[in-house]
Amino acid sequence: MDKKLLTIIVPCYNEEESLPIFYQTIRDMEKEDKLSSVDLEFVFVDDGSRDKTLEVCRNLHSQDERVHFVSFSRNFGKEAGIYAGLEKSKGDYVVIMDADLQDPPAMLPEMLTYIESGKYECVATRRVDRKGEPPIRSWFARKFYKLMNKISSADIVDGARDYQMMTRKVADAILSMKEYNRFSKGIFGWVGFKRKWLEFENVERVAGETKWSFWKLFIYAIEGIVAFSTAPLIMASIFGMIMCLVAFIFIIVIIVRTLTFGDPTNGWPSMVCIILLVSGIQLLCMGVLGEYLAKAYLETKNRPIYLVQEEE
Ligand code: UDP
Ligand code: MG
């Protein structure tokens with residue numbers, strides 16, 4: 001029987017130091033016969049790096065014909081990188097990995113056995129801890145996952161990594177979702193399929209540094225919510241209804257008070273408070289609306305998810 005082909009997709013942004021180490025680690029595993037049940041193919045996606053990542057890709061390609069790469073015209077983000085990698089992959093199985101070895105390659109053989117057993121279409125991984133991460137970031141992350149699962153139909157697991165192995169079927173399903181605003185954790189959860197979860201402990205990156213600042217993560221979280229839930233819109237309507245109800249009760253109270261006690265001119269401070277509160281809520285709701293409108297606007301433009309500068 002022919003061996004199946006496994007494509008390893010690696011989105012890389014400024015990973016000139018990590019990428020060679022990553023490649024070598026996989027090669028070492030091959031030499032130790034840990035991946036002998038499949039043929040390998042590499043797809044490195046250079047996400048508009050400013051360092052020598054592209055040169056590293058070219059070098060690896062000239063040494064090893066199983067290495068392919070796509071280089072973007074600018075930085076399009078990891079999500080676009082994953083999409084490009086999936087499009088370029090030819091494997092029967094596909095696995096997405098970070099270049100910094102934070103997704104332990106040692107798990108690959110185990111993932112393969114699950115996929116090869118035919119019982120699962122997808123083997124996903126999650127970190128059980130967040131060692132080495134600022135506590136405040138971990139706290140926000142946990143709250144985000146809690147909230148997300150309440151308000152969205154996509155199954156989004158706390159600590160889930162993009163590190164997952166899937167069959168062609170799942171890869172094609174993900175490719176069929178051509179949206180521009182790609183929140184991959186949501187997309188993976190949304191497509192469904194039989195999925196096996198493996199757990200591992202957090203590993204620090206081998207070289208280089210993380211591309212995620214707290215602020216970037218915060219924006220990412222908001223994008224995730226907007227992409228996979230319309231709950232904030234409903235919340236805006238509910239806010240509106242509550243305010244109407246309160247206003248109605250107030251009107252009755254004021255009418256009754258005026259009829260019984262006459263109309264002394266006071267209540268100015270409370271008036272200011274009410275105006276501020278209501279206009280604040282109105283602005284907030286408009287902001288929520290605007291967020292969705294902006295996303296819809298970008299989607300209707302039908303822009304490509306990424307642009308290629310060089311590919312091999
Ligand atoms: N990455 C990317 N484009 C970006 C940011 C990150 O392709 O705009 C890649 C990066 O090279 C790495 C992976 O996504 O392979 C994860 O990034 P990072 O390690 O910085 O994130 P963290 O592990 O800290 O969440
Ligand atoms: Mg990392």
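Basis for what follows: all heavy atoms, side chains included, without hydrogens, waters or symmetry-related copies. Just so you know, ligand 1 is whichever comes first in the structure, and atom 1 is the first atom listed for that ligand. These numbers come from a predicted model, not from an experiment.
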* Evaluation steps, side chain to side chain contact (heavy atoms under 4.5 Å, CB included), between Ile96 and Met166 -> CA-CA 9 Å; Ile96 300 164; Met166 57 192 101; 3.6 Å; yes

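- Salt bridge Arg27/Glu30: present, at least one basic N to carboxylate O contact under 4.0 Å.
- Counting the atoms of ligand 1 from 1 in the order shown, those under 4.0 Å from a heavy atom of Cys12 are 7 (O), 11 (O).
- Ion pair Asp98/Lys78 flagged as a salt bridge, since at least one NZ, NE, NH1 or NH2 atom sits closer than 4.0 Å to an Asp/Glu carboxylate oxygen.
- Using a 4.0 Å cut-off to heavy atoms of Asp100, the atoms of ligand 1 that qualify are 19 (O), 23 (O).
- Among all protein heavy atoms, the one lying closest to atom 8 (O) of ligand 1 is Asn75 ND2, 3.2 Å.
- When atom types are taken as modelled, the side chain of Asp103 and the backbone of Met97 share no donor-acceptor pair closer than 3.5 angstrom.
- In summary, the atoms of ligand 1 found under 4.0 Å from a heavy atom of Asp47, numbered by their order in the structure, are 2 (C), 3 (N), 4 (C), 7 (O), 8 (O).
- We find that Glu41 and Arg66 are not joined by a salt bridge, their nearest charged nitrogen and carboxylate oxygen being 4.0 Å or further apart.
- Near Gly77, meaning under 4.0 Å from any of its heavy atoms, are these atoms of ligand 1: 3 (N), 8 (O).
- Not a single donor-acceptor pair under 3.5 Å links the side chain of Asp47 to the backbone N or O of Gly81.
- Proximity to Glu15 (heavy-atom distance under 4.0 Å) selects the following atoms of ligand 1: 10 (C), 11 (O), 12 (C), 15 (O).
- For a distance bound of 2.8 Å, the N, O or S atoms of Asp100 include one lying that close to the Mg ion (ligand 2).
- A salt bridge links Glu310 to Arg58: at least one charged side-chain nitrogen sits closer than 4.0 Å to a carboxylate oxygen.
- From the protein, the heavy atom lying nearest to atom 21 (O) of ligand 1 is Trp212 CD1, 3.1 Å.
- Atoms of ligand 1 lying under 4.0 Å from any heavy atom of Gln102, numbered from 1 in the order shown and given with element: 19 (O), 22 (P), 23 (O).
- Here Val45 has no heavy atoms under 4.0 Å from ligand 1, in either its backbone or its side chain.
- In this structure, the side chain of Thr53 does not engage the main chain of Ser49 through any donor-acceptor pair within 3.5 Å.
- The protein non-hydrogen atom at the shortest distance from atom 20 (O) of ligand 1 is Lys211 N, 2.8 Å.
- Atom 14 (O) of ligand 1 has as its closest protein heavy atom Lys78 CD, 3.2 Å.
- By the 30° and 60° cut-offs, the orientation of the rings of His61 relative to His68 is tilted.
- The single protein non-hydrogen atom nearest to atom 18 (P) of ligand 1 is Arg205 NH2, 3.4 Å, given as residue, atom name and distance.
- The aromatic rings of Phe72 and Phe76 sit perpendicular to each other, their planes meeting at more than 60°, with 30° as the lower class boundary.
- Every atom of ligand 1 with a heavy atom of Asp98 under 4.0 Å away is listed here by number and element: 13 (C), 15 (O), 16 (C), 23 (O).
- Atom 15 (O) of ligand 1 has as its closest protein heavy atom Pro11 O, 2.8 Å.
- Checking only distances, Lys216 never comes within under 3.5 Å of ligand 1, N or O to N or O.
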